[in-house]
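Bear in mind that the values here come from a model prediction, so they are computed numbers and not experimental data. Along the sequence shown, residues carry numbers from 1.
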Amino acid sequence: MKMGVMSILDRRLYHIATMRFLFVGVLVAIVVVFQCFALPSWRLHSLLDSEKLSVALPAKDMGNGVDLDYEMESNVDGNLSIGETLDSSYGGENSEDAIQKGFTHERPNYAHDPVEYRYNASPLGVPPKGITFLDEDLGTLITARKSSNGSGMQRGEMKAQNEKSPLLKVPLSNLSTSLTRMNSLLLQSFNSSYMRPRWSSRPDRELLSAKLEIEKGRVVSNPSGLYAPIFRDVAKFSRSYALMERRLKVYVYREGDKPIFHQPRTRGLYASEGWFMKLMEGNKRFVVKDPRRAHLFYLPFSSQKLRITLAEQKLNGKQMEQYLERYVHLIAGRYRFWNRTGGADHFLVACHDWASQITRQPMKNCIRSLCNSNIAKGFQIGKDTTLPVTYIHSMMDPLRGFTGKSPSERSILAFFAGSMHGYLRPVLLKHWENKESDMKIFGPMGRDIEGKKLYMEYMNSSKYCICARGYEVHTPRIVEAIFSECVPVIISDNYVPPFFEVLNWEAFSVTVSERDIPNLREILVSIPEEKYLALHLGVKKVQQHFLWHRIPVKYDLFHMILHAIWNNRLSQIRLR
């Protein structure tokens with residue numbers, strides 16, 4: 001009897017021990033699985049260690065909500081443009097760049113690191129078999145070839161880096177949105193939803209009348225002073241421009257203290273915003289004193305002055321955004337116009353790299369004219385518009401030094417010189433520096449007088465001028481190329497070129513995908529001579545639309561910026 005009781009007790013203890021062992025085993029398995037597959041979304045996931053192929057998922061600064069993958073850089077271009085005086089407004093370890101160290105967030109290395117993928121050069125941008133792009137509009141690289149059993153990545157498929165294998169490092173956010181796709185987005189924006197005003201107004205009815213007149217107006221086959229091939233629809237542009245001159249009324253807010261407000265800076269890399277402010281505030285044709293008559297409301301601040309001034313107070317990008325938010329609250333409290341449309345009839349003109357980021361929330365409904373027009377970082381085609389980056393050399397003679405040689409005098413196929421800012425330019429030099437006699441691809445040139453002259457001579461003697469992005473998508477080389485009558489070759493994925501809504505950029509420029517740098521010369525030499533001559537003529541004809549004048553003239557840069565804002569506001573107007 002006693003032996004039977006002991007046997008039953010032993011079995012129970014055995015079962016208890018077994019259950020404990022199973023429980024611990026399951027718990028350990030859960031922990032292992034969680035560590036392998038349940039990583040937080042903000043971490044960098046390494047998919048293939050031996051090949052270093054990695055995908056950076058959206059990186060967030062959990063403290064302030066700022067996207068860490070946004071390039072908060074101040075200096076776009078490192079090569080001094082010809083005619084620009086060496087002063088504190090430009091590059092190097094001075095002025096703004098020196099300030100940056102004092103207030104920019106420290107960013108983890110992976111926020112800068114580009115995704116690296118390797119492939120054999122393929123013609124005209126066709127990706128090699130095995131590289132898969134999902135949602136190419138967002139440029140998300142998901143996977144490379146799967147292994148034969150479908151269980152993972154086939155490590156042997158990815159080539160090791162060597163001199164013969166073209167290597168292109170491209171951040172995920174910069175995998176290309178093509179011009180064709182941008183054209184599609186522009187058309188979609190015309191039919192998209194819009195913010196209906198809280199109540200109707202006479203200026204709204206005037207805008208609607210102008211819109212109907214533009215769309216149904218008389219067709220003019222050859223408008224005076226305009227070259228039809230460089231426009232999407234030259235007759236429509238001509239009607240729209242004429243109505244803008246006759247009807248547009250702009251109210252400029254008086255609120256805001258200097259130097260951030262009402263104090264334009266008209267030299268240096270970000271001079272576009274300063275010259276527009278200067279000419280807008282001094283304009284008597286468009287500006288009205290009675291805000292009830294206004295179709296548009298201008299927020300007259302300088303993104304460059306905002307950065308410099310608040311940097312002296314050791315404030316960061318998030319606090320700059322909050323500064324603008326307080327300004328919006330100020331004008332919304334004093335006037336009823338912001339609240340009527342949520343800011344949709346307000347606009348800003350800002351050229352600093354950070355402007356896109358710091359205005360994205362407090363001024364999200366505004367029409368934003370931005371130099372940093374990166375469609376992958378919040379720029380909205382059809383609402384926002386691109387501000388050209390223009391160095392101001394001499395207002396009395398803006399084309400000083402640009403000789404405009406004829407096509408027959410241009411013996412160089414392509415030219416580039418500049419500092420190695422960003423991920424793309426080192427790749428350009430890797431493939432083309434000292435590789436072909438007709439490809440003059442250099443790093444930074446001297447900033448002395450001789451260096452400037454040499455830079456200018458190369459631009460004036462080249463058929464194509466390479467406009468490669470730096471830290472951000474925009475570059476002053478596009479306008480420089482136009483001034484020198486050198487066809488711009490834009491290599492900057494997701495960059496929306498200036499006045500994209502009305503200009504036909506394919507008539508006077510060439511766009512090359514970043515991943516096609518290994519094929520750059522092949523692409524350029526494949527352009528027929530007849531096509532090149534047409535492009536060259538287009539560059540000459542578009543030049544007038546990129547010139548500043550102390551007293552604005554018809555179709556110049558001031559009027560083109562204002563028309564772009566007017567045009568996008570008209571596109572928002574709907575019948576109630």
Side-chain angles (χ1 to χ4, degrees), residues 66-67 70-78 81 84 87-92 94-105 256 258-278 280 298-325 327 347-364 366-374 377-379 384-392 421-422 469-479 492 495-496 498 561:
V66 177
D67 285 337
Y70 182 80
E71 287 287 355
M72 301 293 263
E73 298 287 354
S74 65
N75 190 4
V76 178
D77 261 309
S81 297
E84 177 68 10
D87 61 11
S88 62
S89 68
Y90 180 79
N94 57 33
S95 184
E96 296 181 52
D97 295 296
I99 293 170
Q100 182 168 348
K101 294 182 179 179
F103 77 104
T104 304
H105 278 305
K258 295 179 179 181
I260 295 175
F261 294 86
H262 310 291
Q263 186 172 313
R265 184 170 185 174
T266 55
R267 290 188 60 81
L269 183 64
Y270 309 112
S272 290
E273 66 177 27
W275 273 100
F276 182 87
M277 184 191 299
K278 178 182 178 69
M280 188 77 257
Y298 176 40
L299 307 171
F301 72 93
S302 166
S303 60
Q304 182 185 17
K305 290 290 186 71
L306 173 64
R307 188 210 166 185
I308 294 174
T309 303
L310 297 192
E312 294 171 354
Q313 304 174 29
K314 308 300 182 183
L315 302 182
N316 58 36
K318 184 64 177 179
Q319 290 165 313
M320 294 179 188
E321 181 181 326
Q322 293 168 348
Y323 181 92
L324 293 179
E325 188 173 342
Y327 178 72
F347 71 94
L348 61 97
V349 177
C351 197
H352 197 279
D353 299 14
W354 295 21
S356 175
Q357 177 77 351
I358 63 178
T359 62
R360 190 184 301 180
Q361 288 304 316
M363 299 173 177
K364 61 182 178 181
C366 295
I367 300 170
R368 303 182 303 164
S369 182
L370 302 170
C371 288
N372 192 8
S373 54
N374 188 338
K377 293 184 177 179
F379 185 88
D384 300 328
T385 185
T386 302
L387 180 66
V389 186
T390 57
Y391 276 124
I392 303 302
H421 293 158
R469 62 166 291 161
Y471 289 122
E472 294 292 351
V473 292
H474 53 299
T475 169
R477 283 174 177 77
I478 296 175
V479 176
S492 182
Y495 175 64
V496 182
I561 294 169

Legend entry - Side chains of F301 and T359 in contact at under 4.5 Å (non-hydrogen atoms): yes
Inset, instruction - Over 60° means perpendicular and under 30° means parallel, so classify the ring planes of Y471 and H421, tilted if in between. - result: parallel
Inset, instruction - Indicate yes or no for a side-chain donor-acceptor contact from T266 to the backbone of G274 under 3.5 Å, with no hydrogens or angles considered. - result: no
Legend entry - Non-hydrogen side-chain atoms of I478 and P388 separated by less than 4.5 Å: no
Inset, instruction - Flag yes if more than 12 heavy atoms outside K278 fall under 6.0 Å of its NZ atom; otherwise flag no. - result: no
Inset, instruction - Quick one: pull up NE2 in H352 and OG in S302 and give me the separation to the nearest 0.5 Å. - result: 9.0 Å
Inset, instruction - Begin from the C-alpha positions of R360 and Q357 and carry the test side-chain hydrogen bond (donor to acceptor under 3.5 Å, both in side chains) through to its verdict. - result: CA-CA 5 Å; R360 190 184 301 180; Q357 177 77 351; 3.1 Å; yes
Legend entry - Min side-chain heavy-atom separation E472-S492 under 4.5 Å: no
Inset, instruction - Check whether any side-chain heavy atom of Y495 sits under 4.5 Å from a side-chain heavy atom of N374, and report yes or no. - result: no
Legend entry - Flag side-chain contact, heavy atom, 4.5 Å: D384 against S373: no
Legend entry - Which residues share a disulfide (SG to SG under 2.5 Å) with C366, sequence neighbours left out: none
Legend entry - Candidates V496, D353, N372 - the one meeting side-chain contact (heavy atoms from CB on, under 4.5 Å) with V473: N372
Legend entry - Rounded distance (nearest 0.5 Å) linking atom CD of Q322 with atom CD of Q361: 12.0 Å
Inset, instruction - Calculate, to the nearest 0.5 Å, the distance between atoms SG and CZ belonging to C371 and F379 respectively. - result: 10.5 Å
Inset, instruction - Using the test side-chain contact (heavy atoms from CB on, under 4.5 Å), find all partners of A271 that sit at least two apart in sequence or belong to another chain. - result: W275, I392
Inset, instruction - Look only at the side chain of Q319 and the backbone of N316, and say whether a donor-acceptor pair between them is shorter than 3.5 Å. - result: yes
Legend entry - L324 side chain reached by L299 side chain, heavy atoms, under 4.5 Å: no
Inset, instruction - Would you check if the side chain of Q304 reaches a backbone N or O of R265 as a donor-acceptor pair within less than 3.5 Å? - result: no
Inset, instruction - Calculate, to the nearest 0.5 Å, the distance between atoms OG1 and CG belonging to T386 and L370 respectively. - result: 8.0 Å
Legend entry - Separation of F276 CZ from T390 OG1 (nearest 0.5 Å): 12.5 Å
Legend entry - Main-chain N/O of C351 paired with E273 side-chain donor or acceptor, under 3.5 Å: yes
Inset, instruction - Side-chain contact test, heavy atoms from C-beta onward, threshold under 4.5 Å: evaluate it for M363 versus L348 and give yes or no. - result: yes
Legend entry - Residue pair T385 / F347, side-chain heavy-atom distance below 4.5 Å: no
Inset, instruction - Return the minimal non-hydrogen interatomic distance between V389 and H474, and the atom names on each side. - result: CG2-CD2, 3.6 Å
Inset, instruction - Identify the two heavy atoms, one from P300 and one from Y327, that lie closest to each other, and give their separation to 0.1 Å. - result: CD-OH, 3.9 Å
Inset, instruction - Compare every heavy atom of P362 with every heavy atom of E321, then report the nearest pair and how far apart it is. - result: CG-CD, 3.6 Å
